[in-house]
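Both ligands and their constituent atoms are indexed starting at 1 by order of listing.
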Amino acid sequence: MKPYFSFQWHITDECDQRCKHCYIFSGGDHICLQSMTWQQMQDTFYNCLDFCEVYQRQPYFYLTGGDPILHPDFWRLLELFHEHDIPFTIMGNPFHLTGAVCQRLKALGCQKYQLSIDGMKETHDWFRKPGSFTCTLEKIQTINQAGLRSVVMTTVSKQNCQEVPGIIDAVVAAGANVFAFSRYVPSGGELDTTLSPQEYRALLSVCDRKFREYEAAGCETYFNKKDHLWTLYEYETGTFTIPGYACDGMIYGGCNCGNCHITILPTGDIYACRRVAESKVGNVFEDRLADLWITNMEAYRNYDAFSKCSRCKLQQFCRGCPAVAKGYTGDFYGDDPQCWASEENGLLTPKTEENEHESCSA
Ligand SMILES: C[S@@+](CC[C@H](N)C(=O)[O-])C[C@H]1O[C@@H](n2cnc3c(N)ncnc32)[C@H](O)[C@@H]1O
Ligand code: SF4
Ligand code: SF4
């Protein structure tokens, strides 16, 4: 089986929410909402297939928006995936999901449907809109009953970090198949950006305990430790050890940016990562993806340029979240603001003229 390559494809900005933290609307909700035409969608699809043919990869699409179901050619695109037997996940909103819609998604090859929960009822509805929390939890069963896997994602910031344990209880009670969280990337919105490394470590500790308790009780929700700082946490707590083969210096884990993932926006702009502002590397209507992967993506694979990670024992497995680093520091290779690794806890080698020079040359 060929290795997967994932395309996060935003077919439309159309959305029936205007979330406070959303990177799409952070410039204000007056922005011009973009959607691809049907011709552009077909061109994009075949450009992605060509890429996978050239690099011998198996395509996997994360179809999203906005809310992708609001695109007038949403179902037509899914028929195209189905014709080509391409697996995919939808990342969307709960509002237009019915039993019949979910069954149709399943019949066309959809594997997972991802929803967002960003706090308990009051906080979530403040971030998103009134009624959104209850509707989202209700639709988990609608998704499950159609045989799709339900995934819940939380975007963690200082504003909602205290509520994450309660969110875990709520999504487990609602029967979600998968739960994960990632961190807020400052994108010009109005959220508090002062979440400290110690506060974030404390959150991972509480969640870890909760995940273990649920697992021991036979809970069927899979807790996806998506944030790469889990590797740091698990290294410290003895659950992760650096394997012997890592002495070869290769990259084995951590952020996929520049490796097996790209994002395509409704304008056709190709981003190394949707969360990394100004990470445009081309345009899918003008460029052959297979060509720009070599020429324009190299800037995201300079692993020695990480200002802090290049001195860290866990560099081959973690590298934190460069999108969060970029959002806080303006530098993709800057220090992850929630990483607590230090020289004192034995993870970082001391700065030398040589490694300082490396990070400056990024
Ligand atoms: C853009 S939304 C599209 C799918 C759907 N509308 C939703 O909200 O789940 C995909 C994910 O990106 C997250 N997101 C949006 N803006 C973000 C930001 N500035 N930092 C981190 N995550 C963000 C959302 O919370 C959501 O989980
Ligand atoms: S629902 Fe999703 S796409 Fe719409 S504003 Fe919220 S985060 Fe953005
Ligand atoms: S320094 Fe980088 S690689 Fe090391 S733990 Fe922090 S984010 Fe991860």
message = For Phe7, run the ring pair (Phe, Tyr, Trp, His ring centres under 6.0 Å) check against Phe61, Tyr271, Phe45 and tell me which one passes.
response = Phe61
Between Thr329 and Asp331: side-chain donor-acceptor atoms closer than 3.5 Å = no
ask   = Under 4.0 Å from any heavy atom of Cys312, which atoms of ligand 3 are there?
value = 1 (S), 3 (S), 4 (Fe), 5 (S)
query = Which class fits the ring pair Phe88 and Phe81: parallel under 30°, tilted 30 to 60°, perpendicular over 60°?
reply = tilted
task = Report yes or no: is the cationic atom of Arg275 (NZ for Lys, CZ for Arg) under 6.0 Å from the centre of the six-membered ring of Tyr23, at an angle within 45° of the ring normal?
result = no
query = Would you say Asp287's side chain and Asn283's backbone share a donor-acceptor pair under 3.5 angstrom?
reply = yes
ask   = Distance from Gln315 atom CD to Asp304 atom CG, nearest 0.5 Å?
value = 6.0 Å
note = For atom 3 (C) of ligand 1, the closest protein heavy atom turns out to be Thr64 OG1, 3.2 Å
ask   = Between Tyr62 and His261, is the ring centre distance below 6.0 Å?
value = no
key: Nearest neighbour in protein (non-hydrogen) for atom 5 (C) of ligand 1   = Asn93 OD1, 3.3 Å
Under 3.5 Å: N/O of Arg128 near N/O of ligand 1 = yes
task = Mind running side-chain contact (heavy atoms from CB on, under 4.5 Å) on Leu203 and Leu195 for me, showing each step along the way?
result = CA-CA 11 Å; Leu203 173 67; Leu195 184 65; 5.9 Å; no
task = May I ask you to check if ligand 1 and Gly66 share an N or O to N or O distance below 3.5 Å?
result = yes
task = Validate the cation-pi geometry between Lys129 and Phe95: distance from NZ or CZ to the six-membered ring centre under 6.0 Å, angle to the ring axis within 45°.
result = yes
key: Taking atom 9 (O) of ligand 1 as the reference point, the nearest protein heavy atom with its distance   = Ser116 OG, 2.6 Å
Under 2.8 Å from atom 6 (Fe) of ligand 2 - protein N/O/S, by chain and number = Cys19 SG
key: Nearest neighbour in protein (non-hydrogen) for atom 18 (C) of ligand 1   = His21 O, 3.5 Å
remark   = Of all protein heavy atoms, the one nearest atom 8 (Fe) of ligand 3 is Cys318 SG, 2.3 Å
query = Does Arg183 come within less than 4.0 angstrom of ligand 1, counting non-hydrogen atoms of the residue?
reply = yes
request  = Give the ring-plane orientation class for Phe332 versus Tyr300, where under 30° counts as parallel, over 60° as perpendicular and anything between as tilted.
outcome  = perpendicular
request  = Under 4.0 Å from a heavy atom of Cys22: give me the atoms of ligand 1 that qualify, with their elements.
outcome  = 15 (C), 16 (N)
request  = Do me a favour and list the nearest non-hydrogen protein atom to atom 13 (C) of ligand 1 with residue, atom name and distance?
outcome  = Thr155 OG1, 3.8 Å
note = Nearest non-hydrogen protein atom to atom 16 (N) of ligand 1, with distance, is Tyr23 N, 3.0 Å
ask   = Just which atoms of ligand 1 are under 4.0 Å from any heavy atom in Ser187?
value = 19 (N)
note = Numbered in order shown, the ligand 3 atoms found under 4.0 Å of a heavy atom of Lys308 are 1 (S)
Expected output: side-chain Asn160 to main-chain Ser157 donor-acceptor under 3.5 Å = yes
key: Quiz item: cation-pi between Arg183 and Trp230, 6.0 Å / 45°   = no
task = Go through ligand 2 atom by atom and flag the ones less than 4.0 Å from a non-hydrogen atom of Gly66.
result = 3 (S)
inquiry  = Can you classify the ring geometry of Phe223 versus Phe179 as parallel (below 30°), tilted (30 to 60°) or perpendicular (above 60°)?
reply    = perpendicular
ask   = Heavy atom under 4.0 Å from ligand 1: found in Val185's side chain, backbone, both, or neither?
value = both
request  = Please could you name the atoms of ligand 3 that Gly320 approaches to less than 4.0 Å, counting only its heavy atoms?
outcome  = 7 (S), 8 (Fe)
note = For Arg319, the ligand 3 atoms with a heavy-atom partner under 4.0 Å come out as 2 (Fe), 3 (S), 7 (S), 8 (Fe)
request  = Measure Cys309 to ligand 3 on non-hydrogen atoms and call it side chain, backbone, both or neither using the 4.0 Å cut-off.
outcome  = both
ask   = Which atoms of ligand 1 are found less than 4.0 Å from any heavy atom of Gly65?
value = 1 (C), 3 (C)
Parallel, tilted or perpendicular: rings of Phe181 and Phe211 (30°, 60°) = tilted
inquiry  = With the threshold set at under 4.0 angstrom, would you say Asp67 reaches ligand 1 through any of its heavy atoms?
reply    = no
task = Output yes when Lys308 and Asp336 qualify as a salt bridge under the 4.0 Å nitrogen-oxygen rule, no when they do not.
result = no
key: For Gln34, the option from Ile24, Asp13, Thr12 that meets side-chain contact (heavy atoms from CB on, under 4.5 Å)   = Asp13
ask   = Thinking salt bridges, do Glu298 and Arg301 make one under a 4.0 Å N-O criterion?
value = yes
query = Which residue owns the protein heavy atom closest to atom 6 (Fe) of ligand 3, what's the atom, and how far is it?
reply = Cys339 SG, 2.3 Å
inquiry  = Quick check on contacts: which atoms of ligand 1 are under 4.0 angstrom from a heavy atom of Met91?
reply    = 4 (C)
